[in-house]
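A quick write-up on the structure given underneath.
Residue numbers start from 1 in every chain, and the chains themselves are labelled A, B, ... in the order their sequence lines are given, proteins ahead of strands. Here the structure is a predicted model, which is why all the values come from computation and not from measurement.
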Amino acid sequence: MSAPIQATLPDGRVIELEPGATALDVARAIGPGLAKAAVAAVVDGETVELSRPLPSASDVRLLTDRDPEALAVLRHSAAHILATAVRQEIPGAGIGFGPAIDDGFYYDFEVPEPFTPEQLEAFEEGMAAVAAEDQPFERQVVTKAEAEELFADDSLKLERLAEFSDDEVISVYRNGPFLDLCRGPHVPTTASLKHFRLLNAAGAYWRGDEKRQMLQRIYGTAFFKKQDLDDHLHRLEEAKKRDHRVLGKHLDLFSIQEEVGPGLVLWHPHGGRIRHLVEDFLKKTLIEHGYELVFTPHVTNEELYRISGHLEVFQEGLWPVMEDEGDRFRMKPMNCPHHFMIYRSQTHSYRDLPLRYAELGTCYRYERSGTLHGMLRVRSFTQDDAHIFIREDQIEEEYNRLLDLEDYLLKVFGYEYRTALSTRPEKAIGDPAIYDAATERLGSVLRDRGLDFEVDEGGGAFYGPKVDILVTDALGREWQGGTFQLDFLMPERFGLHYVGADNQRHNVVVIHRTLLGSMERFIGGLVEHYGGAFPLWLAPEQVRILPVSEPSADEARSLVADLKAAGIRASLDDRDTLGYRIRAGETQKVPYLGIIGEREADTGAVAVRKRGAEEKQLVMDRSAFIERLQEEVRTRSLI
RNA sequence: GCCACCGUAGCUCAGUCGGUAGAGCACGUCAUUCGUAAUGACGGGGUCGUCGGUUCGAGUCCGACCGGUGGCUCCA
């Protein structure tokens, strides 16, 4: 008999067990409650199922339904259970991959006919039946040859198997009738799956390659607790209500019409008002931060994009050529070459740098039709763009300025955010060593600021590394915010120099940066972030005054005039009944409704209803009301 | 671009078995002058996405195209 094995718990306790003991035995040794609650374990940093025998000495942490890692295990098992159910309905269904993802799981199937909603319901019932059977998940390690035999009828699995080397550990998992090539781990039995929902089906290329066959993917989600599933489904409902396309129509902010063209946005007066307010605020802020505002044309000789390299790399994304007497023109896909040409129009001293050229530049990209999405993905958009020309020794300071500015802007709009650093992609051009050194310098800036950033390997632009800002909205969803891209390459291609203290020409370094992204995407995002209830400073209509009846109409009109004179966007609603108008004001999310009846008319007061406020109504002096509004606008209050 | 689904009044949607188009909201007119989330009556409004086919007859069945939605792919 060999020596006992030792398991070290997170609190440092060491538990001794018989050889061959499993993580489940560790749980049992701690207590029957834990043995029941445990769904998986982390052994020496690797997540494994409870039934896996432990090595002779290891660190063991047991996972219960409270651990996020356990949720991923459950969802992965849910994918297998889905495949089990699908195979019962459609025995010949080919199986692709079925991983856990952020909010749930999916499984890809190769079937002759796409799935119908009725089939999804049948699969859901099938999954419940599989769960009820309490089938254990059994892991088995096999050789490549054995695996090839087991999956002889599964061409997709065979293709995946072919990529394994002969000495790699290949594991398969079985539950009831279903066998899958799988790294694991899984929950102990199918009975762990209690609260789940299949959400939708969609096509997905095999291995994400558009040249390969299209599989049918089923998305679903699963939770340990019913409450969590309900909350998740409720969040999905909430997101639907906040959809900027729905609210954009309801609040009459913008439209996209077939007659105009796909991905081309018409800004209606109220949407346009919001955009003007954002742009005015942004431009004022940029000027305060040392930017120069420039303008450049929407159409340009494509030669500029040949020099920049975009013509080659993003050919597919450009609108077609307009010919003019042998010259070829394009709608501009980005603003950088223009800003470069402005820089190049004169000689610059090292003392002039940094130079910051900013433009709300309208660009045109021929996005593939299937990718268009409301205002968030369009074919014509206005970029909050700037190109900052610096010396190489100014990189750190300028990145710190950018991070400060972005922090300020995002707080004004009420966004949380996190930071990411993107490194060299395969399609990068230029010297890899320079690219990597620059990446390291950006990493240092982030570390020195104490930012907890993540690294997006290979996510950089073809000309340089970048720092990305990922904003989190009111529903906890992430959006692309700012991006600050470092570029040594294009300045060289465009011959951008400065004259140094040594009276020699030096290559300038460029930062391509956007703080808010495009106006379309940013404001579309704002609509969802605020759920259409814009803070006062951004609200297209800030105050609506409602006279109770005819005798108080004159008083109401004079208040509207006073509000307008004070710079407040106010209007009068003297249509139908008071109840009708209050309802209209609320559903149109007007921040303040001011009601004037004979009581208020006599005393120079106004009865104020603030959107969403606890106290339904506050009677106040009209001048106090105006001052309060002005203060709220001045501070850009988010409440 | 690819797979699936969808397209009926300004908006949200109903429309059975193929028989000639409907509701609510919005809008207009009239009445009502109202005190905190929908006053009532009446009225106007449609080439049923477009084109073609099947049929005595197409919103309905078939095909192509356009657009949208969910994904995949892409994202300077």
Side-chain angles (χ1 to χ4, degrees), chain A residues 106 108 111 113-117 119 199-219 240 243 245-246 249-252 255-263 305 308-318 332-337 363 365-374 376-378 381 383 385 425 427 459-464 466 480 483 485 487 490 512 514 517-518 521 546-553 574-588 593-601 607-609 611 616-617 619:
Chain A
Y106 67 79
D108 286 342
V111 283
E113 298 287 330
F115 299 121
T116 62
Q119 278 180 299
L199 296 170
N200 59 316
Y205 297 111
W206 168 231
R207 315 216 72 173
D209 182 346
E210 62 183 297
K211 294 187 185 63
R212 307 296 302 269
Q213 70 266 43
M214 178 81 55
L215 304 181
Q216 296 304 320
R217 175 171 298 178
I218 297 177
Y219 284 93
K240 231 183 207 170
D243 189 316
R245 294 163 302 184
V246 173
K249 210 174 261 177
H250 176 61
L251 301 174
D252 195 18
S255 63
I256 297 172
Q257 301 178 27
E258 190 173 345
E259 291 84 343
V260 178
Y305 306 114
S308 72
H310 287 99
L311 199 58
E312 194 182 345
V313 183
F314 294 102
Q315 179 83 255
E316 301 289 302
L318 302 184
K332 71 169 165 185
M334 86 291 293
N335 308 300
C336 21
C363 298
R365 296 182 186 174
Y366 194 80
E367 303 286 357
R368 296 165 76 168
S369 61
T371 66
L372 299 175
H373 180 88
L376 304 183
R377 196 70 186 270
V378 292
F381 58 92
Q383 185 85 352
D385 204 1
K427 65 181 175 186
F462 69 86
Y463 45 72
K466 60 176 179 169
Q480 172 73 50
T483 173
Q485 311 183 344
D487 183 3
M490 289 236 239
H512 307 245
T514 177
S518 81
R521 182 182 280 247
L546 318 178
V548 170
S549 61
E550 194 52 38
S552 42
D574 61 356
R575 298 174 296 168
D576 240 295
T577 60
L578 184 61
Y580 173 85
R581 286 173 283 154
I582 287 172
R583 181 181 154 80
E586 293 284 345
T587 57
Q588 287 160 36
L593 300 179
I595 296 157
I596 300 229
E598 292 186 65
R599 282 204 300 272
E600 290 77 16
V608 176
R609 283 180 66 119
R611 180 188 60 202
K616 271 221 154 149
Q617 174 164 264
V619 178

Whole-Å [atom1] distance, [N] and [M]:
N	M	atom1	answer
B:rU47	B:rG59	P	13 Å
B:rU54	B:rG18	C1'	12 Å
B:rA14	B:rC51	C1'	27 Å
B:rU20	B:rU69	C1'	31 Å
B:rG49	B:rA21	P	15 Å
B:rG43	B:rA26	C1'	14 Å
B:rG10	B:rG46	P	8 Å
B:rG22	B:rG44	P	12 Å

> How does each nucleotide of nucleotides 64-76 of chain B score, in 5' to 3' order, for protein heavy atoms under 4.0 Å: base (B), sugar-phosphate only (S), or none (-)?
Replying inline: --BSSSBBBBBBB
> In B/S/- notation, 5' to 3', how is nucleotides 8-14 of chain B contacted by protein heavy atoms closer than 4.0 Å?
Replying inline: ---SS--
For [X] and [Y], indicate whether the former's side chain and the latter's backbone hold a donor-acceptor pair under 3.5 Å.
X	Y	value
A:Glu312	A:Gly309	no
A:Ser552	A:Ala601	no
A:His250	A:Thr587	yes
A:Arg365	A:Gly317	no

>> To check you understand the geometry: which heavy-atom pair defines the closest contact between A:Arg521 and A:Leu376, and what is its length?
In response: NH2-O, 3.1 Å
>> Which heavy atom of A:Cys363 sits nearest to which heavy atom of A:Pro333, and what is that distance?
In response: CB-O, 3.6 Å
Grab the [atom1]-[atom2] distance between [X] and [N] for me, whole Å please.
X	N	atom1	atom2	answer
A:Leu546	B:rG35	CG	C1'	11 Å
A:Leu578	B:rA37	CG	P	8 Å
A:Ile595	B:rC34	CD1	C1'	13 Å
A:Arg212	B:rC3	CZ	P	17 Å
A:Arg599	B:rU36	CZ	C1'	10 Å
A:Asp574	B:rU32	CG	P	17 Å
A:Gln588	B:rA38	CD	P	15 Å
A:Ile582	B:rA37	CD1	P	6 Å

Just to verify, what does [X] make a ring-ring contact (aromatic ring centres under 6.0 Å, His included) with, not counting sequence neighbours?
X	answer
A:Tyr463	A:His512
A:Tyr205	none
A:Tyr580	none

Could you tell me whether [X] contacts a base, only the sugar-phosphate backbone, or nothing, with contacts defined as non-hydrogen atoms closer than 4.0 Å?
X	result
A:Glu600	base
A:Ala584	nothing
A:Val548	base

List for me each residue that meets salt bridge (charged side-chain N to carboxylate O under 4.0 Å, His left out) alongside [X], sequence neighbours excluded, and say none if there are none.
X	value
A:Arg583	none
A:Arg368	A:Glu210
A:Asp385	none
A:Arg207	A:Glu163

Using a cutoff of under 3.5 Å, can you pull out all pairs of nitrogen or oxygen atoms linking the protein to nucleotides 27-30 of chain B, with atom names and distances?
| residue | atom | partner | partner atom | Å |
| --- | --- | --- | --- | --- |
| B:rC27 | OP1 | A:Arg575 | NH1 | 3.4 |

> Less than 3.5 Å between a donor and an acceptor, one on the side chain of A:Gln617 and one on the base of B:rG35, is that the case here?
Replying inline: no
> Could you write out RNA chain B as a dot-bracket string, with dots for unpaired bases, | for bases paired across to another strand, and Watson-Crick or G-U pairs counted at under 3.5 Å?
Replying inline: (((((((..((((.....[..)))).(((((.......))))).....(((((..]....))))))))))))....
> Given side chains that start at C-beta, do those of A:Val246 and A:Lys240 come closer than 4.5 Å, heavy atoms only?
Replying inline: no
> Considering residues at least two apart in sequence or located in another chain, which fulfil the side chain to side chain donor-acceptor pair (under 3.5 Å) criterion with A:Asp576?
Replying inline: none
